[in-house]
Amino acid sequence: MALSINDTQEELIEEFGLFDDWADKYEYLIDLGKKLPGLSDEFKTEENVIKGCQSRVWLHAFMQDGKLIFQADSEAVIVKGLISMLIRVLSGHSPADIMKADLYFIDQIGMSQHLAQTRSNGLLSMVKQMKNYALAYSSQA
Amino acid sequence: MALSINDTQEELIEEFGLFDDWADKYEYLIDLGKKLPGLSDEFKTEENVIKGCQSRVWLHAFMQDGKLIFQADSEAVIVKGLISMLIRVLSGHSPADIMKADLYFIDQIGMSQHLAQTRSNGLLSMVKQMKNYALAYSSQA
Amino acid sequence: MASIEQIRLDFPVLDQQVNGSPLIYFDNAATTQKPQVVLDALNKYYSEDNANIHRGIHALAERATAAFELTRKKIQSFLHAESSDQIIFTSGTTASINLVAQTYGRANFEAGDKILVSNLEHHSNIVPWQMIALEKGAEVMVIPVLDSGVLDLDAYQKLLQENTVKLVAVNHVSNAIGTINPIQEMIALAHAHGAKILIDGAQSVAHMEMDVQRFDMDFFAFSAHKLFGPTGVGVLYGKRDLLESMPPYQGGGEMIKEVSFSGTTYNELPYKFEAGTPNIADVIAFSASFDYLNSLEKGWVEEQENALLSYATEQLSQIDGLKIIGTAPNKIAVVSFLIEGTHPQDIGVLLDKFGIAIRTGHHCAQPLMQRFDIPGTCRASFSFYNTKEEIDRLVACLKRVVTMLL
Amino acid sequence: MASIEQIRLDFPVLDQQVNGSPLIYFDNAATTQKPQVVLDALNKYYSEDNANIHRGIHALAERATAAFELTRKKIQSFLHAESSDQIIFTSGTTASINLVAQTYGRANFEAGDKILVSNLEHHSNIVPWQMIALEKGAEVMVIPVLDSGVLDLDAYQKLLQENTVKLVAVNHVSNAIGTINPIQEMIALAHAHGAKILIDGAQSVAHMEMDVQRFDMDFFAFSAHKLFGPTGVGVLYGKRDLLESMPPYQGGGEMIKEVSFSGTTYNELPYKFEAGTPNIADVIAFSASFDYLNSLEKGWVEEQENALLSYATEQLSQIDGLKIIGTAPNKIAVVSFLIEGTHPQDIGVLLDKFGIAIRTGHHCAQPLMQRFDIPGTCRASFSFYNTKEEIDRLVACLKRVVTMLL
Ligand SMILES: Cc1ncc(COP(=O)(O)O)c(C=O)c1O
Ligand SMILES: Cc1ncc(COP(=O)(O)O)c(C=O)c1O
C-alpha cells in the first residue's frame with residue numbers, strides 16, 4: 001500500500017536533511033525536475049495552465065480507483081522539481097485526504113520562499129489548483 | 001514735481017524702518033489698505049481681475065499726460081495695503097520708467113514673502129500686470 | 001495610554017517654531033502630519049528593500065512585493081472589506097473617483113441618466129461627474145444643503161424617486177464645514193431606487209471607524225495623506241461584481257494578462273486597475289500608519305477630537321462678530337468661520353504670523369460657498385494631537401488679529 | 001571626482017548581504033536605487049514642512065509649495081524645456097502616456113486614423129493606444145524590429161507615407177534589450193508626414209542627456225523612480241499648443257478655475273492636468289536626484305556605463321550557449337540573454353541565491369518576445385554604481401548555475 005501523505009512528507013524532509021548547503025539542495029531539486037515525466041502536448045492546453053507563473057506550468061488531474069492522480073509539467077526545471085515533490089506527496093490519494101493535507105514539508109526543507117504569494121513561480125497557485133481539483137472530485141469519489 | 005520711483009521706495013523703507021515688530025508693520029499696512037480709495041463698481045470687471053488671488057483683486061490702468069495711472073481694489077485689506085504701496089511707487093510714472101523699475105523696497109521692508117510665487121495673494125501677478133500695462137502703453141507714450 | 005505630550009513627540013513636524021512662535025497646526029483637513037514610524041518605514045524601504053515588485057524573483061523584489069501586499073491586507077481589515085483584491089491602489093481620492101467615473105461611468109451612463117452629488121462636495125467629487133456627464137449626455141443633479149450645513153434628505157428622496165439616478169456621489173464628511181452625512185441611510189435609499197453610490201471618505205477615515213460591508217457601500221475612496229500616511233497614495237474599494245464588470249482604466253504594465261498586437265487581455269483584480277509601477281515606497285510606508293493608529297487606545301481619537309470640537313466651538317463663539325458656518329449636530333473636529341468686517345485671507349495671513357496654521361478660502365468647495373453666498377471661510381481643523389491650549393492660543397490671537405483689522 | 005567606492009556609499013541599499021553574499025543589484029532598468037540625499041529630502045519634508053500646497057497661506061504650505069515648484073524648474077532645465085508650466089506631474093510614465101492617449105487621443109483620433117507603435121515597446125506604450133484606438137475605431141500599427149533589435153526605419157517610412165498616421169509612440173530606449181532608437185530622425189519623419197510623436201523616456205533619462213526642444217518632441221514621458229528618485233512620480237512634457245488644446249484628464253481640486261453646478265472652467269497649465277493633491281513629498285524629494293546627478297562629473301555616467309556594457313558583453317559572450325538578445329550598435333547598459341537548454345526563471349532563481357539580482361521574464365514587452373519567439377530573457381541592467389568586479393562575479397556565478405542546470 002502507498003505511503004500516506006505525511007509519510008511522504010517525512011521522507012522528503014529526511015532526503016533534504018542530507019544536504020548542508022543550498023546548492024546541493026537545488027541540485028537535488030533540479031534532478032527531481034529533470035526526472036519528472038512531464039505531460040504530452042495534448043494536455044498542455046490553455047485550461048491546464050496555472051496562472052501567475054513566469055514560466056508556463058500545466059497541471060492535469062484525473063480520477064483512478066477513487067484516487068486523484070496529478071500529472072504536470074513546466075518550462076522551468078526548478079519549478080518542475082517543486083511540482084514533482086507536490087505530486088509525490090499528493091498524487092494517488094483520495095480527494096478527501098488531499099483537501100485536508102497540510103503541506104508542512106515545503107517549509108521544513110527550506111523552500112517556503114517558493115510558496116510565498118509574491119513569488120511569480122506559481123507554486124502557491126499550483127497547490128491551490130490541486131486542492132481545487134480535490135474539492136471538485138470529492139463528490140465523485 | 002513728483003518723487004522718482006526710487007525716491008518713493010526709499011520713503012517707504014524709511015517709514016517701515018520705524019517699526020520694530022511685525023505687528024506694528026502690519027498695522028501700518030492695514031492702515032494703508034484702509035486708506036486706499038479703491039475702485040468704483042464699474043471698474044470691478046472680469047477683465048480687471050488679477051488671477052491667482054485668494055481674495056479678488058482688481059487693477060485698472062489709464063494714461064494721463066504721458067503717465068500711467070493705476071487704481072486698484074481688493075476684498076482683503078492686507079492685499080489692499082500692499083497694493084497701495086505699489087500704486088504709490090509706480091502710479092504716475094512713464095511706462096518706460098515703470099517697465100524698468102526694480103521693486104527692491106518689498107524685500108527691504110520685510111514683505112518679500114508676499115511676493116513669493118507660492119503666495120496665493122497675487123502680489124506677484126499684480127506687479128506683472130502693472131508691468132504688462134506699462135509695456136502695452138509704452139508705444140503710445 | 002501615552003499622554004498627549006508623548007503623542008505629540010511621535011509627530012516630529014509639530015516640534016518647531018514658526019515666525020518665532022511654536023507651530024500650531026490646525027490644517028489637518030488639508031493633510032495630516034505623519035508619525036515617526038511612517039518616516040522610518042519609508043527610510044527602511046529605500047535603504048534596504050527598494051525594488052520593483054510583482055514580477056521579480058530576486059530577494060529585494062520579493063521583500064518589496066510582500067510588504068506592498070501587506071498594506072493591502074491592512075487596508076482590507078481597516079475597511080472591513082470582504083477581500084484584499086477589492087482594495088485598489090491609486091494616487092489619491094481624486095484619482096479613485098475619476099477611475100470610477102471613467103470606467104463605471106463610461107460603461108454605464110447613458111443620455112438622460114442622472115448622477116446625484118451633494119452641495120457639500122469637494123471639487124474632486126463634482127468635476128469628474130460633470131466631465132463624464134457632459135460626454136454621455138447625462139445630468140448632474142444636486143442634493144441641496146440646509147442652512148445648518150446638513151443635507152436635505154427629503155429633497156434627496158425626491159431626486160431619487162423617478163428611478164433615473166444611476167449613481168449617487170457623496171462625501172462621508174464635508175471637508176469645508178465638517179458635517180457628517182447620514183451615509184447609511186443615504187446608501188439604503190440609493191439602493192432602494194436602483195442607484196449605485198460612491199462614498200468619498202477623504203475626510204472621514206482619520207476620524208471614525210469604517211465598515212464598507214456593514215454600510216453596504218458600492219465604492220469607497222480615500223487618500224493616505226489624510227490618514228497620517230504619505231502623499232501620493234489613494235485607495236478605491238469597490239464591490240466585487242462592480243469592479244469585475246468595469247473596463248480597465250489606464251493601460252500599461254501589470255494590468256494585463258497577455259499583450260499582443262492582435263489583442264490584449266486584462267489581469268484580475270486588483271491588478272486590472274493598477275497600471276504601471278505603483279507608488280511602492282509610500283504604499284509600504286502607509287502600513288505603519290495603521291500600526292500607529294492601532295497602538296492608540298480604542299475610542300480615544302474620537303473622544304479627544306470631540307472634546308476639541310466642543311471646546312473650540314464654545315470658545316470661538318465668544319469672539320465678537322464670529323459666525324460659524326456649518327452647525328450640523330454631527331460634525332468632525334472642523335470649525336469653519338467668518339468674522340464680521342474681515343476677510344478670511346487677512347485672518348489667515350495674520351494668524352500665520354503668530355505661528356498658527358489654518359486654511360482660508362473656498363476649500364475646493366466653491367458650490368458650497370456659493371450656496372452660503374460667502375467668499376470663503378477660515379477653517380481650523382483638528383486632529384488628536386492638537387490640544388485645548390492650542391485652541392486657547394487661537395482664540396487669543398484671533399482677538400488680537402481682529403483688533404488689528406477693524 | 002569621488003571614487004566608485006565612495007559613490008556606492010551614497011546608495012545605502014547597496015551595502016547588504018543577500019543569501020549570505022554581498023548584494024549585486026543588476027535590476028536597474030526595473031527601478032534605480034536612491035542616493036542618501038533623496039532619503040534625507042523626504043525625511044526633511046515630512047519632519048519639517050509637510051503641508052498641502054498651492055492654496056495655503058501659512059508658513060508650512062508656503063515652504064512646501066516653493067519646494068514643489070522648485071522640482072518643476074529643475075525638471076525643466078533637465079529636459080531643456082521652454083517653460084516650467086509644460087512640465088506636468090503624474091504618478092509615472094504609464095500615467096503620463098495614458099494622459100496623452102485619453103486627452104489628445106480622445107480629442108483627435110477618428111475612425112481610420114493610424115497610431116504607430118514599435119515592436120520594441122513596453123506594454124505601457126502599447127495598451128493605452130490599443131484602448132483608445134478600439135474606442136475610436138483607429139488602428140494601432142507596428143514598426144517592425146530587425147533581428148539585431150534595431151527598428152526597421154524603411155518600414156517606418158512606408159507606414160508614414162500615406163499620411164494617415166496621427167501619432168507615433170516610441171520609446172527612446174528599449175527596456176527589454178537596451179536599443180537606443182534614432183528618435184531625432186524618427187521625430188523629423190513623423191513631423192514631415194503630419195504626425196505627432198510621443199517619446200517614452202522611461203529608460204533613457206538615467207543614461208543620457210535630454211533636450212526636448214532640440215529634438216522637437218511633442219510629448220516626452222518618464223518616471224522618477226527610474227532616475228534615482230522616489231516611486232509614485234512621473235512627468236509629462238508637452239508642447240505648449242498641444243497641452244493647451246487638450247481637454248483636461250482627471251477632474252478635481254487644483255485643476256479648476258471656477259466650479260459651479262452650472263458650469264466649470266479649467267485652470268492654466270500645468271495645473272489643468274494635475275487634479276487632486278499631488279505626490280508632494282516625493283516630488284520635493286525628487287529634486288535631490290538632480291542635485292546628486294549634477295554633483296557627478298559631466299560625462300562620467302555615460303563613460304562608466306559604456307565601459308560596463310562593453311565589459312559585460314565581452315565577458316558574457318564567453319559563456320557556452322549564451323546568446324545575447326539585442327545587439328544594436330547603440331545600446332544603453334542592458335544585456336538581455338538566454339542560455340541554451342535553460343529557462344530564464346531558473347537562472348534568476350539561482351543567481352538570487354548568489355546574491356545577484358537580475359530580472360527574468362518578458363519585461364512587459366511580450367510583443368517583442370513574440371517577435372523573437374522566446375519565452376523571455378535574463379536581463380542584467382547596469383547603473384553607474386555597478387562595477388566590473390560585480391560583472392566578474394555574475395559571469396562566474398552564471399557558469400556555476402549553468403552546470404547546476406544542465
Ligand atoms: C520603456 C518603458 N516604458 C514605460 C515604462 C513604465 O514605467 P512606469 O512603470 O514607471 O509607469 C517602463 C518601466 O518599466 C519602461 O521601461
Ligand atoms: C472631501 C474630500 N474629497 C476629496 C478630496 C481630494 O483628495 P485628494 O486631494 O487627496 O485627492 C479631499 C481633499 O481635500 C476632500 O477633503
Side-chain angles (χ1 to χ4, degrees), chain C residues 12-13 18-19 27 30-31 33-34 39 42-43 46-48 50-52 55-60 91-92 94-95 98 122-124 126-128 130-131 142 223 225 230-232 250-253 256 259-261 264 275-277 279-282 348-349 352 357 359-361 364 366-367 370, chain D residues 12-13 18-19 27 30-31 33-34 39 42-43 46-48 50-52 55-60 91-92 94-95 98 122-124 126-128 130-131 142 223 225 230-232 250-253 256 259-261 264 275-277 279-282 348-349 352 357 359-361 364 366-367 370:
Chain C
V13 85
V18 164
N19 293 321
D27 196 14
T31 198
Q33 297 302 341
K34 322 305 172 199
L39 277 62
L42 259 181
N43 201 62
Y46 280 126
S47 50
E48 297 178 13
N50 178 58
N52 213 328
R55 302 207 151 264
I57 46 176
H58 57 75
L60 270 59
S91 60
T94 303
N98 277 275
H122 186 281
H123 294 160
S124 291
I126 298 174
V127 185
Q130 290 182 321
M131 288 168 68
V142 186
S223 299
H225 75 94
T231 56
Q250 298 191 328
I256 56 92
V259 174
S260 83
F261 290 121
T264 288
T277 303
N279 188 347
I280 304 170
D282 291 322
V349 167
D352 174 54
R359 186 133 306 219
T360 59
C364 290
Q366 287 178 352
Q370 292 152 14
Chain D
V13 86
V18 165
N19 292 322
D27 195 16
T31 198
Q33 297 303 340
K34 322 305 172 198
L39 277 62
L42 259 181
N43 201 63
Y46 280 126
S47 50
E48 296 178 15
N50 177 59
N52 213 327
R55 303 208 149 263
I57 46 177
H58 56 77
L60 270 59
S91 59
T94 303
N98 277 276
H122 186 280
H123 295 160
S124 291
I126 299 173
V127 185
Q130 289 181 322
M131 288 167 67
V142 186
S223 298
H225 75 94
T231 56
Q250 298 191 328
I256 56 92
V259 173
S260 83
F261 289 121
T264 288
T277 302
N279 189 347
I280 304 169
D282 292 322
V349 167
D352 175 54
R359 185 133 310 220
T360 59
C364 290
Q366 287 179 352
Q370 291 152 14

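Below, chains carry the letters A, B, ... as their sequence lines are ordered, and counting in each starts from 1.
Using a 4.5 Å cut-off between heavy atoms, Asn50(C) contacts chain D through both its backbone and its side chain. The part of Leu42(C) that comes within reach of chain D is its side chain, from C-beta onward, which places non-hydrogen atoms under 4.5 angstrom from that chain. Asn98(C) touches chain D through its side chain: at least one heavy atom from C-beta onward sits under 4.5 Å away, while N, CA, C and O do not. For Asp27(D), the part lying near chain C is the side chain, with the backbone staying farther off; criterion is any non-hydrogen pair under 4.5 Å. Heavy atoms of Val142(D) lying under 4.5 Å from chain C belong exclusively to its side chain. Using a 4.5 Å cut-off between heavy atoms, Gln130(D) contacts chain C through its side chain alone, with no backbone atom that close. Looking at Gln370(D), only its side chain comes within 4.5 Å of chain C, counting heavy atoms on both sides.
Ranked by heavy-atom pairs under 4.5 Å with chain C, the first of Ala275(D), Cys364(D), Ser223(D) is Ala275(D). Between chain C and the options Val127(D), Thr264(D), Ile126(D), the largest number of non-hydrogen pairs under 4.5 Å is found for Val127(D). Ranked by non-hydrogen atom pairs under 4.5 Å with chain D, the options Leu60(C), Thr231(C), Thr94(C), Ile280(C) are led by Thr231(C). Per-residue counts of heavy-atom pairs under 4.5 Å with chain C were compared for Ser47(D), Ala281(D), Gly276(D), Pro12(D); the largest is that of Ser47(D). With chain C as partner, the option from Ser91(D), Ser260(D), Gly92(D) having the largest number of non-hydrogen pairs under 4.5 angstrom is Ser260(D). Your options are His123(D), Lys34(D), His225(D), and the one with the most heavy-atom pairs under 4.5 Å with chain C is His123(D).
Interatomic distance, OG1 of Thr360(C) versus CD1 of Ile57(D), reported as 3.5 Å (0.5 Å rounding).
A pairwise comparison of heavy atoms in His58(C) and Ala357(D) identifies CG-CB, 3.3 Å as the closest pair. What you find for Tyr46(D) and Val13(C) is that their closest heavy atoms are O-CB, 3.7 Å.
Here the side chains of Arg359(D) and Asn52(C) are in contact, with some heavy-atom distance below 4.5 Å. Using a 4.5 Å cut-off on side-chain heavy atoms (C-beta onward), Asn279(D) and Asn279(C) make contact.
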